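Just below is one structure, and these are the notes that go with it.
Letters A, B, ... are given to chains in the order of the sequence lines, protein chains preceding strands, and every chain is numbered from 1. What you see is a predicted model; the values in this text were computed from it and never measured.
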Amino acid sequence: MSGRVRILSRLRRSLSEEAGVTDEERREAVAARLRLAGAQTAPVPEIARTEGAAMLERFEAKLRGVDATVTRLGAMADLPGAMVEELRARNLPRAIRMGEEPDFAGLDWAELDATRGVGRLEEPATLSRGLCGVAETGTVALRSGPDNPVTLTFLGETHFMVLKASDVVPGLEEMWARVRRAGPMSRTVNLVTGPSRSADIGQVLQLGAHGPVAVHVFIVED
Amino acid sequence: MTHQPTTPQFKANSRAAIADGGLQEQMTKALGNSMAKRAYASGALPEFDQLRDAARDLKNHTLAHLDLYLEAYESKVQADGGQVHWAETAEDAREIILNICRSVDATSVNKGKSMISEEIGLNDFLEEKGIAPVETDLGEYIIQLRKETPSHIIGPAIHVTVPQVREAFRTHHPHLPIDRDLEGLDKLLLEARAELRAKYFEAEVGITGANMLIAETGQSVIVTNEGNGDLSQSLPKVHIVIASIEKVVPTLEDASTVLRVLGRSATGQEMSVYTTFSAGPRREEDPDGPEEYHVVLLDNGRSAMVGTEFQEMLRCIRCGACMNHCPVYRSVGGHAYGWVYPGPMGAVLTPSLIGLKQGGQLPNASTFCGRCEEVCPMRIPLPKMMRHWREREFERQLTPAGTRRGLRFWASAAARPGVYRAGARLAAWGLRLLSSGGRVKRLPLAGAWTDVRDFPAPEGGTFMDRYRPDADGKRGAKR
Ligand code: SF4
C-alpha cells in the first residue's frame, strides 16, 4: 500500500501543486475525457471510412494482403460443406474444433468430426465466430467466452473464422462501438490480422511462429 | 545474462562493436530495410502526421493527469476481479512477482516479451529462487538460450546470425536427434515452435508486458506478431502483467490512435498480427483463460521524471523507430549501450532510471543528426533531451577532465572573435593539407573519429570569411 501512496503523491505534487493546477480542475478534466469514451477525438483516417461494397472489397483485399485467405458463402448453412472442401484442399484431417457458438450449433456437421471445447496441444483446425471484421486493416475482432474459447484462436494450426457480411465495419471506431454493444467486456478482445509470423530467425519473415500458420475467413451473405 | 549496467564503458563497448566484423555485417543485414518499411507505411497514410500530433496530445493529457488515470484504471481492474500491485522499485516488483508465483507453487513461468521484465532483471531473480522462466517470444527465446540481453527493443535477437541460432538449438535441445536437418530457416522455426508448444501447457504462471493500459476499461493491451504472448496468458492458471506507470491511456479510441502510429513506425505494418485487450481473470462461464489476473505497476524512477524536462520521454511507445534510424545505433548495435534500452530512446531514458553517474555516457552517443526526432511517432524531442543530460553532466563535473579542458579552451577562444577567426583559418588550412580527394583519412587528436570514418575536408574559406556584412551592413553570403 505504501508504494502506491508514495507513487501517487509524488505525481500529485508535480502535477498539481508545482504545476499550479488544482486537483479539482484536474479531476474534472479526467472525468470529461472519460465521458468521451465512444467518440474519437483524433482524426479518423480516410481508409477507416469506406462504405458498402467498397468496404467489403477493401476488407477482403486487406485480408489477402496479410496472408489470410477468404471465401464468400451464400448462407450459414453452407458452412459445413465449405469447411469440408477447405480441409480437403489443405490436406488436413476432416476434423474441426469449435466453441458453443449458437450460429454453429444448428448446422449439419455430420460429414466432419466436429468437437466442441477449448484448444488442446495438437489442433490441426479450429473455428471461431468473429464479432466483426475491420476493413481498414483486414482485422477480425473476437470476443472470448464459451462461444469462442480464446485458446482456439491461438492453438489451431489453421484457424477458420466466420463473419456475416453485415459484421464488416469500416474502421477501428465502429469496431469498438460493436464491442461495447455486445455486452459486458469479455476476458479478452482479440484483434487478429492474418496468421502468426516472426522474423526473429535470420530476419526473414516466416508464417506460423506460435499461433496459426494459416488463417481463413468465411464471409456469409445475410 | 547480466543486468549489471556496463553503460559507463559505452566508449569501449562501441569500439569493440565496430571492430567486430560479424556484428557489423549482421546489423547491416538486420536493419537493412527497416527505414524503407516505415517510410512506405507512413507515406501511404495521408493522415499519419496528424495522427502523430493526436497521439502526442493524448499522451500529454494523460501524463498531466497520470495519478488520476492510474486510480481510474486500478478501480476498473478491481471491478473485473483483477489485482493491482504498485512497485516503487525494481526490487519491489521482483518481490511482488515472486510472492504471486509462490502462492500457486509455481516451478516454471512462461513469459511474453517484456522490456520491463528486462529492466527489473526478473529472469535471473526467478532462477535464483528456483523458478524457471521460459521466454516464449522467438527472439527472446534465442537470446535466453545464448544467455544474452536484447539488442533491440522489438527485435531482441537481431544481432544473432542464423548459424548462431542453429548452434544454440543444437546445444540446448539435446533430447532431439543430433543429426537432424536444421538447414532451412523453416526447420529452425518448426523446432522452436514444437519445443515451446509443450511448455505453454506446463507453466503455472504466464507473465506478459503491456503496450498500453486502458483507464476506461481496465484492460491491458499486448501487441505481437507471433501469438506467444496470448498462449502465455491464456493457458496458465495465473496471468501477471508487468507494466510501467506511463503506459495508461484514457479510452479505447485513444488506443486506436496509438495503434495507428505504432505498427507503421515499428515494422511498417498497418496493424500487428495480434492486438489483445485483456481484463481480469476468466469469467465464470469461460472454459479457458487464467483464474487469476494481476497487474504490477512499476515506477522505478518514472514519477520523478514527471514535471521535469524529461517528462516528454514518458510518451514513448517503444516502437524502435528511433534506433532503426540512428547512425550511432546502426553502427554499434544495442549491446554497446550497456543496459536494457539502447538507441536514442535509451540514451535519454537510461540516466533517468539508473542515474547520471551510471548512464551519463549514453547521451553523448549522438551525432545530433535529428533523424530520431523526425521519425518518432510520439514526437519526442530526443536530441534536445540528450543535450539536457549533457548539460547536467557538465554541471555535475561528471564530464572527463580532458573534455572539460577542451570545452573551456574553446569557450575562451569563442569569446574573442579575432583569436577565433585566426584559429579557424589555421584549422581549415591544416585540414586541406591533410586531405586527399576531399576526405581526411587520419586526423591527429581525433583518431576516435577517423579510425572508423573519414572527416570531410573544408572546401573553401572559413564560415566567417564567407559570411560577412555587405557594404550596406546587411548580412548575407558572399557571392
Ligand atoms: S522514442 Fe519515439 S521512436 Fe523511439 S521508441 Fe519511443 S516512441 Fe519510438
Between the main-chain N or O of [Y] and the side-chain N or O of [X], is there a donor-acceptor pair closer than 3.5 Å?
| X | Y | result |
| --- | --- | --- |
| A/R10 | B/A304 | no |
| B/R193 | A/G211 | yes |
| B/D288 | A/V118 | no |

Separation of [Y] [atom2] from [X] [atom1] (nearest 0.5 Å):
| X | Y | atom1 | atom2 | result |
| --- | --- | --- | --- | --- |
| B/Q311 | A/S14 | CD | OG | 8.0 Å |
| A/Q206 | B/L138 | CD | CG | 8.5 Å |
| A/I7 | B/L298 | CD1 | CG | 8.0 Å |
| B/S303 | A/R13 | OG | CZ | 9.0 Å |
| B/R260 | A/L172 | CZ | CG | 4.5 Å |
| A/K62 | B/E270 | NZ | CD | 3.5 Å |

Contact origin within [X] toward chain B - heavy atom pairs under 4.5 Å:
| X | value |
| --- | --- |
| A/A39 | backbone |
| A/L155 | both |
| A/V66 | neither |
| A/E18 | neither |
| A/E100 | neither |
| A/R27 | both |
| A/S16 | neither |
| A/A37 | both |
| A/P195 | backbone |

Notebook entry, point to check: Does a donor on one side chain and an acceptor on the other come within less than 3.5 Å for B/E226 and A/S198?
Noted result: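 Their side chains do contain a donor-acceptor pair, which is all the 3.5 Å distance test asks for.
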
Is it true that [X] and [Y] have a side-chain N and a carboxylate O under 4.0 angstrom from each other?
| X | Y | answer |
| --- | --- | --- |
| A/R4 | B/E88 | no |
| B/E253 | A/R33 | no |
| B/R197 | A/E123 | no |

If you count heavy-atom pairs under 4.5 Å with chain B, which of A/P146, A/G99, A/A42 comes out on top?
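The residue among A/P146, A/G99, A/A42 with the greatest pair count is A/P146.
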
Nearest heavy-atom pair of [X] and [Y]: which atoms, and what distance?
| X | Y | answer |
| --- | --- | --- |
| B/S234 | A/T151 | CB-CG2, 4.1 Å |
| A/G145 | B/D286 | CA-OD1, 3.3 Å |
| B/A72 | A/L34 | CB-CD1, 4.3 Å |
| B/A157 | A/Q203 | O-NE2, 4.3 Å |

Side chain from CB out, backbone as N, CA, C, O: work out which of these in [X] comes under 4.5 Å of a heavy atom of chain A, or both, or neither.
| X | result |
| --- | --- |
| B/L185 | both |
| B/H159 | neither |
| B/P46 | neither |
| B/F48 | neither |
| B/D80 | neither |
| B/Q233 | both |
| B/S272 | backbone |
| B/L190 | neither |
| B/L188 | both |
| B/V273 | both |
| B/T217 | side chain |
| B/D92 | neither |
| B/R282 | backbone |
| B/H85 | neither |

Q.
With side-chain contact (heavy atoms from CB on, under 4.5 Å) as the criterion, how do B/R283 and A/S186 come out once you've worked through the C-alpha distance, each side chain's angles and the decisive distance to 0.1 Å?
A. CA-CA 8 Å; B/R283 312 295 187 248; A/S186 45; 5.7 Å; no

*asked:* Test side-chain contact (heavy atoms from CB on, under 4.5 Å) on A/S196 and B/Y274; report intermediate values, then the result.
replied: CA-CA 8 Å; A/S196 154; B/Y274 300 114; 3.5 Å; yes

Quiz prompt | Verdict with reasoning, B/L66 to A/L15, per side-chain contact (heavy atoms from CB on, under 4.5 Å) | solution = CA-CA 8 Å; B/L66 187 55; A/L15 295 173; 4.2 Å; yes

Are there residues of residues 131-140 of chain A whose heavy atoms fall under 4.5 Å of chain B's heavy atoms? If so, which?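 Contacts with chain B: A/E136, A/T137, A/T139.
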
*With B/R52, which residues qualify under salt bridge (Lys or Arg N to Asp or Glu O under 4.0 Å), at least two apart?*
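Salt bridge (Lys or Arg N to Asp or Glu O under 4.0 Å) list for B/R52, sorted by chain: B/D49.
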
- Intermediate values then yes/no, side-chain contact (heavy atoms from CB on, under 4.5 Å), B/T276 and A/L191: CA-CA 6 Å; B/T276 297; A/L191 311 186; over 6 Å; no

For this session: For residues B/Y200 and A/H210, determine if any side-chain heavy atom of one lies less than 4.5 Å from a side-chain heavy atom of the other.
Result: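 With C-beta onward as the side chain, the pair touches.
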
**Report entry** Selection residues 184-200 of chain A - residue pairs positive for salt bridge (Lys or Arg N to Asp or Glu O under 4.0 Å), sequence neighbours left out
**Finding:**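 Every pair satisfying salt bridge (Lys or Arg N to Asp or Glu O under 4.0 Å) with a residue in residues 184-200 of chain A: A/D67-A/R197.
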
Report task. List for me each residue that meets side-chain hydrogen bond (donor to acceptor under 3.5 Å, both in side chains) alongside A/E157, sequence neighbours excluded, and say none if there are none. Result ->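 Once residues adjacent in sequence are excluded, A/E157 has no partner under the side-chain hydrogen bond (donor to acceptor under 3.5 Å, both in side chains) criterion.
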
